[in-house]
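Let me begin by presenting the structure, written as structure tokens, before commenting on it.
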Amino acid sequence: MSNAAPGRPSPRPDLTFTPVRNGMDYLERAVADLTEGATPPSARDLKYAVLHLQAATEVLLKARLVGEHWSLVFKDPGSATMEEFQKGGFKSCDTDETIKRLAGIARVEIPSASRIAIKNLSSDRNALMHYGHTGDAFVVEARAVGVLGFLLDFVEGDLRPMLKARYQDSIRAEWEGAKGLTREDMIELLSRSPEVVDIDQELFAVDVTMQDLRTKLGRIEKLVDQRMKSLSGQLKPVLHRTVRCPDCRQWALVVATLGKQGDRIYCRFCLLAYDNPKSPAYEYLQHVIGQDNGAVVGCPSCDSRSLVLGVNTADNPREDVGLCFNCGEIAEEVINGE
Ligand SMILES: [Zn+2]
Ligand SMILES: [Zn+2]
């Protein structure tokens, strides 16, 4: 690589080859196949959904492995060369092996139910590719939806944090090599670093695609059923502070976490997350109840301006209450609008 200046760490070429954008693109296609046509999806839509989903799975799992080290996607990592990696013409490991290496080397465990769903999806994919059909369309759809649910969690829970960490690392590396620069020069330097720019684009692709998917996921009936069923256990103890998500519209946004560690405000269905209680409060007002039917006011208990009037909670969906998205205070009567 030519752009390594003396004294600066050389750029890690692996980063410029993470295929996250590609994988997110397949994922988006698969969701379009499942949502843009008839309900339930036609045989043709289902066929393309399976093909795209299988491609998305393979590419995104490998992207995570490349994040660990680029040589790990070679069938035989011992004979891997950077040149071949950059050309892309090498023999890579199969999905089974990718999953094994993710667990053994990157310590990313894929739940066994998801591993089985991925395996079944790839046999469905082969049957569809070669014979154009499989058995029961409902079964195929349910399997596809299982893998889709897994990929959403994987992208948000494993892939995105990996990219984020590498992004921070690459900025730090540039930073260390450029002590004494002014802020403007530093920004200019970062904007010219292929590594920083590349990961930035990968993160951007993840965020834009996930944002777009969130609004579409609710239209996949089977996904909603399966995912909500699998969430029922973890939602049960918090139904009194679970509300409809402003994005995916499912009863899965758990609020009032009081900023406890590891307990962020996020939608268990579409994984939309918030850093503070005010944003979901205003978004809920705007997109779920409507400006005219409620308000966000200061909470008498915790002082945060996060008390939403006109909320329905999952354990009492018909009654309008005031619920503080920060502390969980339920206010029956509202004192004042300030
Ligand atoms: Zn949601
Ligand atoms: Zn409060």
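Heavy-atom basis, side chains included; hydrogens, waters and symmetry copies ignored. We count ligands from 1, going down the list as the structure has it; atoms in each ligand are counted the same way.
- Our summary of the site lists the angle at the Zn ion (ligand 1) between SG of Cys270 and SG of Cys245 as 110°, to the nearest 10 degrees.
- We find that Lys229 and Asp225 are not joined by a salt bridge, their nearest charged nitrogen and carboxylate oxygen being 4.0 Å or further apart.
- A heavy-atom distance below 4.5 Å is not found between the side chains of Asp207 and Phe204.
- A salt bridge between Asp198 and Arg21 is present, with a side-chain N of the basic residue lying under 4.0 Å from a carboxylate O of the acidic one.
- The aromatic rings of Phe90 and Phe74 lie parallel to each other, with less than 30° between the two planes, well short of the 60° mark.
- With the Zn ion (ligand 2) as the vertex, SG (Cys302) and SG (Cys324) define an angle of 110°, rounded to 10°.
- Here Cys248 contributes SG and Cys267 contributes SG, and at the Zn ion (ligand 1) these two atoms make an angle of 110°, given to 10°.
- With the Zn ion (ligand 2) at the apex, Cys327 SG and Cys299 SG define an angle of roughly 110° (rounded to 10 degrees).
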